[in-house]
Number of protein chains: 2
Amino acid sequence: MAVSLVEIRTQHDQVFTENCPTRTVLDHVMSKWGILVLLALSEGTARWGQLRRAVDGISEKMLASTLRTLEADGLVVRTAYPEVPPRVEYALTARGDELMQRVLPLMGWIADNADEIVAR
Amino acid sequence: MAVSLVEIRTQHDQVFTENCPTRTVLDHVMSKWGILVLLALSEGTARWGQLRRAVDGISEKMLASTLRTLEADGLVVRTAYPEVPPRVEYALTARGDELMQRVLPLMGWIADNADEIVAR
DNA sequence: CAGAATCCCGAATGATACTG
DNA sequence: CAGTATCATTCGGGATTCTG
């Protein structure tokens with residue numbers, strides 16, 4: 001796995017420039033809510049209401065639009081069950097799970113170091 | 001190292017809630033420009049002009065404010081040399097470097113998968 | 001060269017109310 | 001329960017100009 005920017009560049013000539021697909025993915029995944037929704041889903045399948053409570057502070061509007069973006073990116077799957085009352089479940093796709101394997105160590109580090117960083 | 005949200009929670013009771021320091025760090029590091037500036041610096045020390053060119057599309061205003069935020073967070077050091085014309089160098093701190101060790105695998109994965117994700 | 005200061009617009013976000 | 005619709009608002013961020 002590439003562990004330096006130089007290595008990444010050896011395999012991609014146009015990385016992280018404007019209009020590069022990587023910028024789009026960055027915007028979706030690293031967005032304020034995107035990463036928190038993905039984080040919540042990293043624990044497993046969750047329903048709309050669960051996500052709303054798990055992602056502290058998110059509005060219904062932002063949860064909806066974030067989920068739609070992540071679903072369009074193929075990182076999240078939405079499953080609606082034809083029941084009354086309605087039940088809808090969200091889960092990571094295989095690709096989403098792969099992504100979160102890279103994100104979780106980062107989130108762990110942030111959780112460990114946030115106090116010191118913000119304190120200064 | 002923590003590799004799941006459950007593990008992270010065992011060590012931190014208030015993780016990723018609103019008003020939690022982690023949210024602040026997330027906003028700084030995962031911001032549109034923050035991560036790209038950090039990425040550019042992961043290759044080593046760089047001057048203002050180099051950063052401006054390395055981070056494609058960034059305005060002077062955003063470069064300045066991003067650098068100030070990252071410096072205040074202790075992730076970047078600024079060194080000004082008392083010369084004419086002025087020379088200023090930016091570099092990752094030890095903490096910044098530690099952070100980027102977690103970020104780079106993620107960026108590599110994004111570079112590898114961005115095309116497929118956006119194509120859909 | 002390396003910024004700081006100002007002005008300003010539009011997209012992103014939030015709050016609220018409503019619906020299948 | 002799981003959303004959508006609408007409106008009000010903020011503020012990220014670009015363009016421009018100026019300075020040590």
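Every chain is numbered from 1, with letters handed out A, B, ... down the list of sequences.
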Review point. Once each nucleotide of nucleotides 6-11 of chain D is scored for protein heavy atoms under 4.0 Å, what B/S/- sequence comes out, 5' to 3'?
Key: BB----
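Scored by the side chain to side chain contact (heavy atoms under 4.5 Å, CB included) test, Gln11(B) finds Asp112(A) as partners (sequence neighbours excluded). Partners of Glu43(B) according to the salt bridge (charged side-chain N to carboxylate O under 4.0 Å, His left out) rule, which considers only residues two or more places apart in sequence or in another chain, are Arg9(A). Every residue two or more places apart in sequence or in another chain that forms a side chain to side chain contact (heavy atoms under 4.5 Å, CB included) with Arg78(A) is listed here: Glu71(A), Ala80(A), Val88(A), Tyr90(A). Applying the salt bridge (charged side-chain N to carboxylate O under 4.0 Å, His left out) rule to Glu89(B) yields the partners Arg87(B); only residues at least two apart in sequence or on another chain are considered. Partners of Glu60(A) according to the salt bridge (charged side-chain N to carboxylate O under 4.0 Å, His left out) rule, which considers only residues two or more places apart in sequence or in another chain, are Arg52(A). Contacts of Ala40(A) classified as side chain to side chain contact (heavy atoms under 4.5 Å, CB included), with partners at least two apart in sequence or in another chain: Leu51(A), Ala54(A), Val55(A).
The span of DNA chain C lying next to chain B, judged by atoms under 4.0 Å from heavy atoms, is bounded 5' to 3' by dC1(C) to dC7(C).
Taken residue by residue, residues 63-70 of chain B places heavy atoms nearer than 4.0 Å to DNA chain C at Ala64(B), Arg68(B). Within residues 37-57 of chain A, the residues approached by DNA chain D to less than 4.0 Å at the level of any non-hydrogen atom are Arg47(A), Trp48(A), Gly49(A), in residue-number order.
Across the helix from dC1(C)-dG20(D) to dG20(C)-dC1(D), the helix axis at one end is tilted relative to the axis at the other end by 60° (nearest 10 degrees, each axis from five pairs).
Listed by first and then second residue, the side-chain hydrogen bond (donor to acceptor under 3.5 Å, both in side chains) pairs that reach into residues 14-37 of chain B are His28(B)-Asp73(B), sequence neighbours excluded.
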